[in-house]
Protein chains: 2
Amino acid sequence: MSKKEKGTEYKIKEAARKVFLEKGFTATKTRDIAEEADINLALLNYYFRSKKKLFDIIMTETLQSFFSGVISMFNDERTTLKEKVSLFANHYIDLLSENQNIAPFLINTVRENPDEYIAKIGILDKAKESFFVKQFMEGITKGDIPPINPLHFMVNLIGLVVFPFIAQPMISAISSIPEDQFLNTLQERKRLIPLWMESMLSVK
Amino acid sequence: MSKKEKGTEYKIKEAARKVFLEKGFTATKTRDIAEEADINLALLNYYFRSKKKLFDIIMTETLQSFFSGVISMFNDERTTLKEKVSLFANHYIDLLSENQNIAPFLINTVRENPDEYIAKIGILDKAKESFFVKQFMEGITKGDIPPINPLHFMVNLIGLVVFPFIAQPMISAISSIPEDQFLNTLQERKRLIPLWMESMLSVK
DNA sequence: AATTTATTTAATCATATGATTAAATAAATT
DNA sequence: AATTTATTTAATCATATGATTAAATAAATT
């Protein structure tokens, strides 16, 4: 994955990735990308035809890299619910720490244009039919888990992991905790989130 | 608060509120606001001088209406931690249900321009000096609460309440649960979040 | 009623922005 | 080497966009 992998075309794509992830589709100007890639603006259209086509490539790759992990993880029949929670927290706290723009980028892009992306994501992951949800429902039947909507459990898990990355600037503003210190503290959550999720399962 | 309260100026402001909350500053075109308010574009600049000045009014009012609740709530010396959590969940689930754009609007606006708004919010609420955090630290001293960073507790509470509203389109996409059904389910969280927060306090 | 001030409109500007074109250059193929 | 194909550049377009201006109209004040 070296920067010279494919010359100009690759350089434009990586510049687009950077700028789109930072600003989103609308706020990104093709000239921003051209400048970031250090190329003439016309090259962008030569290689990718249009801003939208270039964006779609980035969006598809980002969705892919984000969801590929969770799909195999949540459909693994060899791990327990508890283990899945821990794997999920560890994997995504690492992923989102590495690129802090991924979470807001994906959420805001889907939010701006739900119809376009709901279909695309729907194919990737039918949460309802996942082995994870199957395990959860079995837990309820056995009496290990209180009979709450599994949606709450999913939302809580995703929220505990992802929300701090989305709200970081706002939380820094209201708590006056600087960004780097905040991000360090988030690492503790790899250990804490599985324990919290476990403890929540005693609530009915 | 009738729509005719102040004539044209008020009409423009309410149109601006609607469009800005939906799309944010950059993606909003002054012509969108003019059309929504059913006025000539020049009137917007006549009454408010510029797009930015109009935006700042809306942003300030929205910050105000969002944070005024939490400030008095978290500094109330007559309520327990537990009660504060319940009041917070009830108040904000109602507020965010009424206008589903508030949460993403505020978070994304601060995110786009942290420096501009950190100061503005910092004045409003010094979380660290709140009675809430004082109560929390006392709980740790007494041994009622495990010695974790209160930041986690705040992030978890805010996240459990706010995250579903931000991620709704994305969660609808991956769980194929329609928006209205999702929002209904969120009402259950007024009851559940205080119980979850309570149960998390047994984790160390 | 005459004058002043506030409101509204239509026309127009200057710049931003995504995209295209024609020409030049470089690389690959015959 | 000649020809074809791929890449790059500079110039230019068409439309979008925030803002201003001058003139017209309405409302308030004297």
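A, B, ... follow the sequence lines: proteins, then strands. Residue 1 opens every chain.
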(message) Whole angstroms only, please: what is the CG-P distance between A:Leu41 and D:dA10?
(response) 12 Å
(request) Could you tell me the separation between the CD1 atom of B:Ile39 and the P atom of D:dT25, rounded to a whole number of Å? (result) 20 Å
(message) What is the separation between atom CG on B:Asn45 and atom P on C:dA11, rounded to the nearest whole Å?
(response) 18 Å
(message) I'd like to know whether B:Gln135 forms a side-chain hydrogen bond (donor to acceptor under 3.5 Å, both in side chains) with B:Glu77, so could you lay out the CA-CA distance, the side-chain angles of the two residues, the decisive distance to 0.1 Å, and finally the verdict.
(response) CA-CA 9 Å; B:Gln135 279 180 307; B:Glu77 308 206 354; over 6 Å; no
(message) I need the B:Ile71 CD1 to B:Met73 CE distance, nearest 0.5 Å.
(response) 11.0 Å
(request) Take atom CG of A:Asp38 as the centre, draw a 6.0 Å sphere, and report whether it contains more than 12 heavy atoms from other residues, nucleotides or ligands. (result) no
(message) Using the ring centroid of each side chain, check whether A:Phe74 and A:Phe131 are separated by less than 6.0 Å.
(response) no
(message) Within the 3.5 Å criterion, strictly below it, is a donor on A:Thr185 or A:Gln181 matched to an acceptor on the partner's side chain?
(response) no
(request) Describe, in one word, how the ring planes of A:Tyr92 and A:Phe66 are oriented to each other, choosing from parallel (under 30°), tilted (30 to 60°) and perpendicular (over 60°). (result) tilted
(request) Could you check which of D:dT7, C:dA19, C:dT9 has an atom nearest any side-chain atom of A:Tyr47? (result) D:dT7
(request) Would you mind reading off the distance between A:Tyr10 atom OH and D:dT7 atom P, rounded to a whole angstrom? (result) 18 Å
(request) Provide, to the nearest angstrom, the distance between the CG atom belonging to B:Leu43 and the P atom belonging to D:dT21. (result) 16 Å
(request) Mind listing the residues from residues 28-36 of chain B sitting with a heavy atom below 4.0 Å of DNA chain D? Number order is fine. (result) B:Thr28, B:Lys29, B:Thr30, B:Arg31
(request) Determine whether the aromatic ring centres of B:Phe153 and B:Phe136 lie less than 6.0 Å apart. (result) yes
(message) Measure CG/B:Leu44 against C1'/D:dT20 and give the value in whole Å, please.
(response) 13 Å
(message) Requiring both pairing distances under 3.5 angstrom, list the stems that contain DNA chain C and are made of three or more consecutive Watson-Crick or G-U pairs.
(response) C:1-30 with D:1-30
(message) In whole Å, I'd like the distance from the NZ atom of B:Lys52 to the P atom of D:dG18.
(response) 14 Å
(message) Rounding to an integer number of Å, can you tell me how far A:Phe48 CZ sits from D:dT7 P?
(response) 12 Å
(request) Select one nucleotide: of C:dA19, C:dT8, D:dT7, the one nearest the side-chain heavy atoms of A:Ser50. (result) C:dA19
(request) With the side chain of A:Ala42 defined as its heavy atoms from C-beta on, choose the nearest nucleotide among D:dT8, C:dT21, D:dG18. (result) C:dT21
(message) With a 3.5 Å distance limit and no angle check, can you tell me whether B:Lys190 reaches the backbone of B:Asp94 through a side-chain donor-acceptor pair?
(response) no
(request) Describe, in one word, how the ring planes of B:Phe55 and B:Phe25 are oriented to each other, choosing from parallel (under 30°), tilted (30 to 60°) and perpendicular (over 60°). (result) perpendicular
(request) Using the closest heavy atom to pick a nucleotide of DNA chain D for each, name whichever of A:Asn40 or A:Tyr46 lands nearer the 5' end. (result) A:Tyr46
